[in-house]
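One structure is given below, encoded as C-alpha coordinates.
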Amino acid sequence: QVQLVESGGGSVQAGGSLKLSCAASGRTKSIYFMAWFRQAPGKEREFVAVISLSEQRTVYADSVKGRFTISSDNSKNMVYLQMDSLQPEDTAVYYCAAARSSLNIIRPGGYDFWGRGTQVVVSS
(Lines give C-alpha, C1' and ligand atoms only; values in the text may rest on other atoms or scores of the structure.)
Protein backbone atom coordinates (compact mmCIF):
# COMPACT_ATOMS: atom_id res chain seq x y z
CA GLN A 1 0.00 0.00 0.00
CA VAL A 2 0.94 3.59 -0.60
CA GLN A 3 -0.32 6.51 1.44
CA LEU A 4 -0.57 10.00 -0.05
CA VAL A 5 -1.07 13.23 1.87
CA GLU A 6 -1.61 16.56 0.14
CA SER A 7 -0.93 19.98 1.61
CA GLY A 8 -0.59 23.58 0.49
CA GLY A 9 -4.12 24.41 -0.54
CA GLY A 10 -5.77 27.67 0.39
CA SER A 11 -7.45 30.80 -0.87
CA VAL A 12 -5.84 33.20 -3.31
CA GLN A 13 -6.91 36.01 -5.59
CA ALA A 14 -6.94 35.65 -9.36
CA GLY A 15 -3.45 35.97 -10.77
CA GLY A 16 -1.86 34.60 -7.62
CA SER A 17 0.16 31.46 -6.99
CA LEU A 18 0.04 28.40 -4.77
CA LYS A 19 2.30 25.38 -4.41
CA LEU A 20 0.77 22.04 -3.53
CA SER A 21 2.77 19.22 -2.01
CA CYS A 22 2.11 15.50 -1.87
CA ALA A 23 3.97 13.25 0.54
CA ALA A 24 4.08 9.55 -0.34
CA SER A 25 4.82 6.77 2.12
CA GLY A 26 4.63 2.99 2.22
CA ARG A 27 5.59 0.83 -0.76
CA THR A 28 6.68 3.79 -2.89
CA LYS A 29 9.12 1.73 -4.99
CA SER A 30 6.11 0.23 -6.76
CA ILE A 31 5.05 3.65 -8.07
CA TYR A 32 6.03 4.81 -11.55
CA PHE A 33 3.74 7.81 -12.13
CA MET A 34 2.45 10.52 -9.84
CA ALA A 35 -0.28 12.91 -10.86
CA TRP A 36 -2.55 15.70 -9.78
CA PHE A 37 -6.27 15.68 -10.48
CA ARG A 38 -8.91 18.16 -9.45
CA GLN A 39 -12.63 18.13 -8.87
CA ALA A 40 -14.87 21.16 -8.77
CA PRO A 41 -18.35 21.03 -7.18
CA GLY A 42 -20.80 19.23 -9.44
CA LYS A 43 -18.11 18.21 -11.90
CA GLU A 44 -16.17 15.06 -12.61
CA ARG A 45 -12.64 14.60 -11.41
CA GLU A 46 -10.29 15.85 -14.12
CA PHE A 47 -6.65 15.31 -14.98
CA VAL A 48 -4.25 18.18 -14.28
CA ALA A 49 -0.68 16.90 -14.66
CA VAL A 50 1.43 13.75 -14.40
CA ILE A 51 5.13 13.01 -13.96
CA SER A 52 7.06 9.80 -14.51
CA LEU A 53 9.26 9.39 -11.47
CA SER A 54 12.19 7.69 -13.20
CA GLU A 55 12.39 9.73 -16.41
CA GLN A 56 10.82 12.95 -15.08
CA ARG A 57 8.63 13.24 -18.15
CA THR A 58 5.56 15.41 -17.71
CA VAL A 59 2.16 15.80 -19.34
CA TYR A 60 -0.31 18.60 -18.67
CA ALA A 61 -3.95 19.25 -19.31
CA ASP A 62 -4.42 21.97 -21.92
CA SER A 63 -6.26 24.11 -19.36
CA VAL A 64 -3.17 24.42 -17.14
CA LYS A 65 -0.32 24.20 -19.66
CA GLY A 66 2.08 27.10 -19.23
CA ARG A 67 0.67 28.00 -15.80
CA PHE A 68 1.19 24.88 -13.68
CA THR A 69 4.39 22.90 -13.16
CA ILE A 70 4.59 19.40 -11.71
CA SER A 71 7.84 18.20 -10.18
CA SER A 72 9.11 15.50 -7.87
CA ASP A 73 11.85 14.96 -5.32
CA ASN A 74 12.30 11.19 -5.36
CA SER A 75 14.76 11.26 -2.46
CA LYS A 76 11.99 12.68 -0.27
CA ASN A 77 9.06 10.83 -1.89
CA MET A 78 7.47 14.20 -2.64
CA VAL A 79 5.54 15.53 -5.61
CA TYR A 80 4.72 19.19 -6.11
CA LEU A 81 2.37 21.29 -8.19
CA GLN A 82 3.38 24.90 -8.66
CA MET A 83 0.31 26.84 -9.76
CA ASP A 84 0.77 30.32 -11.20
CA SER A 85 -1.62 32.78 -12.80
CA LEU A 86 -4.49 31.13 -10.98
CA GLN A 87 -8.00 31.81 -12.22
CA PRO A 88 -11.42 31.32 -10.57
CA GLU A 89 -12.00 28.28 -12.79
CA ASP A 90 -9.05 26.59 -11.07
CA THR A 91 -11.11 26.42 -7.87
CA ALA A 92 -11.42 22.77 -6.90
CA VAL A 93 -10.27 20.08 -4.54
CA TYR A 94 -6.88 18.92 -5.77
CA TYR A 95 -5.95 15.26 -5.38
CA CYS A 96 -2.60 13.54 -5.56
CA ALA A 97 -2.59 10.10 -7.20
CA ALA A 98 -0.07 7.31 -7.75
CA ALA A 99 0.04 4.67 -10.46
CA ARG A 100 1.95 1.42 -10.69
CA SER A 101 1.68 1.23 -14.47
CA SER A 102 1.42 3.49 -17.51
CA LEU A 103 -2.06 2.40 -18.51
CA ASN A 104 -4.45 5.34 -18.79
CA ILE A 105 -2.39 7.91 -16.93
CA ILE A 106 -4.70 10.81 -17.81
CA ARG A 107 -7.80 9.19 -16.37
CA PRO A 108 -8.66 8.59 -12.71
CA GLY A 109 -9.15 4.88 -13.39
CA GLY A 110 -5.47 4.52 -14.19
CA TYR A 111 -4.41 5.27 -10.61
CA ASP A 112 -4.05 2.87 -7.74
CA PHE A 113 -3.72 5.21 -4.77
CA TRP A 114 -5.25 8.56 -3.88
CA GLY A 115 -4.86 11.22 -1.25
CA ARG A 116 -7.80 12.90 0.47
CA GLY A 117 -7.37 16.17 -1.37
CA THR A 118 -6.64 19.79 -0.57
CA GLN A 119 -8.98 22.68 -1.32
CA VAL A 120 -7.94 25.52 -3.62
CA VAL A 121 -10.17 28.59 -3.89
CA VAL A 122 -9.40 31.36 -6.37
CA SER A 123 -11.44 34.54 -6.05
CA SER A 124 -11.90 37.14 -8.76
Does Ser30 reach the main-chain N or O of Arg27 with its side chain, forming a donor-acceptor pair under 3.5 Å?
-> yes
Under 4.5 Å between any side-chain heavy atoms of Val64 and Met83, yes or no?
-> no
Treat each ILVMFWY residue as a node, draw an edge where side-chain heavy atoms are under 4.5 Å apart, and state whether Val79 and Val59 are in one component.
-> no
Measure the OG-CD distance between Ser63 and Glu89 for me, rounded to the nearest 0.5 Å.
-> 9.0 Å
Give a yes or no on whether the backbone of Leu53 and the side-chain of Asn74 come within a donor-acceptor separation of less than 3.5 Å.
-> yes
Using side chain to side chain contact (heavy atoms under 4.5 Å, CB included) as the criterion, point out the one residue from Ile106, Ile70, Val48 that pairs with Tyr60.
-> Ile70
Roughly how far, to the nearest 0.5 Å, is OG1 of Thr28 from CD of Gln1?
-> 13.0 Å
Would you say Met78 and Cys22 make side-chain contact, with heavy atoms under 4.5 Å?
-> no
Can you see which heavy atom on Leu4 is nearest to which on Ala24, and at what distance?
-> CD2-CB, 3.6 Å
Return yes if some donor-acceptor pair links the side-chain N/O of Arg45 with the main-chain N/O of Gln39 below 3.5 Å, else return no.
-> no
Please round to the nearest 0.5 Å and tell me the distance separating atom CG of Asp73 and atom OG of Ser21.
-> 10.5 Å
Is Arg57 close to Val50 at the side-chain level, that is, under 4.5 Å between some pair of heavy atoms?
-> no
Rounded to the nearest 0.5 angstrom, the CD-CZ distance for Glu46 and Arg107 is 12.0 Å
Ignoring hydrogens and geometry, is there a side-chain-to-backbone donor-acceptor pair from Tyr111 to Asn104 under 3.5 Å?
-> no
Going by heavy atoms in the side chains, are Pro108 and Phe37 under 4.5 Å from each other?
-> yes
Do you know which two heavy atoms are closest between Ser17 and Gln82, and how far apart they sit?
-> CB-NE2, 3.9 Å
Checking Glu6 side chain against Arg116 main chain: does a donor-acceptor pair fall under 3.5 Å?
-> yes
Test item: Thr118 side-chain N/O and Tyr94 main-chain N/O as donor-acceptor pair under 3.5 Å | no
Same apolar cluster: Val93 and Tyr80, side chain cutoff 4.5 Å | no
Salt bridge Asp112-Arg100, side-chain N to carboxylate O under 4.0 Å = yes
Quick one: closest heavy-atom pair of Ala49 and Leu81, and the distance?
-> CB-CD1, 4.4 Å
Contact summary for Ser52 and Phe33, nearest pair of heavy atoms | CB-CE2, 3.6 Å
Ser124 OG to Gln87 CD distance, which is reported to the nearest 0.5 Å | 9.5 Å
Taking every non-hydrogen atom, the tightest pair across Ile31 and Ala98 | CD1-CB, 3.6 Å
Is the count of non-hydrogen atoms from other residues, nucleotides or ligands lying under 6.0 Å from Gln3 atom CD greater than 12?
-> yes
I would like to know whether Cys96 and Trp36 meet side chain to side chain contact (heavy atoms under 4.5 Å, CB included); could you show each step before the answer?
-> CA-CA 5 Å; Cys96 178; Trp36 290 94; 4.1 Å; yes
Would you say Val12 and Val121 make side-chain contact, with heavy atoms under 4.5 Å?
-> no
Any chance you could lay out the side chain to side chain contact (heavy atoms under 4.5 Å, CB included) test for Val120 and Leu18, step after step, and finish with the verdict?
-> CA-CA 9 Å; Val120 171; Leu18 282 174; 3.9 Å; yes
Nearest heavy-atom pair of Gly110 and Ala99: which atoms, and what distance?
-> O-CB, 3.5 Å
Please say whether the positively charged group of Arg38, taken as NZ for Lys or CZ for Arg, lies over the ring of Tyr95, i.e. under 6.0 angstrom from the six-membered ring centre and within 45 degrees of the axis.
-> no
If we only count heavy atoms from C-beta on, is the Asp84 to Phe68 side-chain gap below 4.5 Å?
-> no
When Met34 is tested against each of Ile105, Ile51, Asn77 for side chain to side chain contact (heavy atoms under 4.5 Å, CB included), which residue passes?
-> Ile51
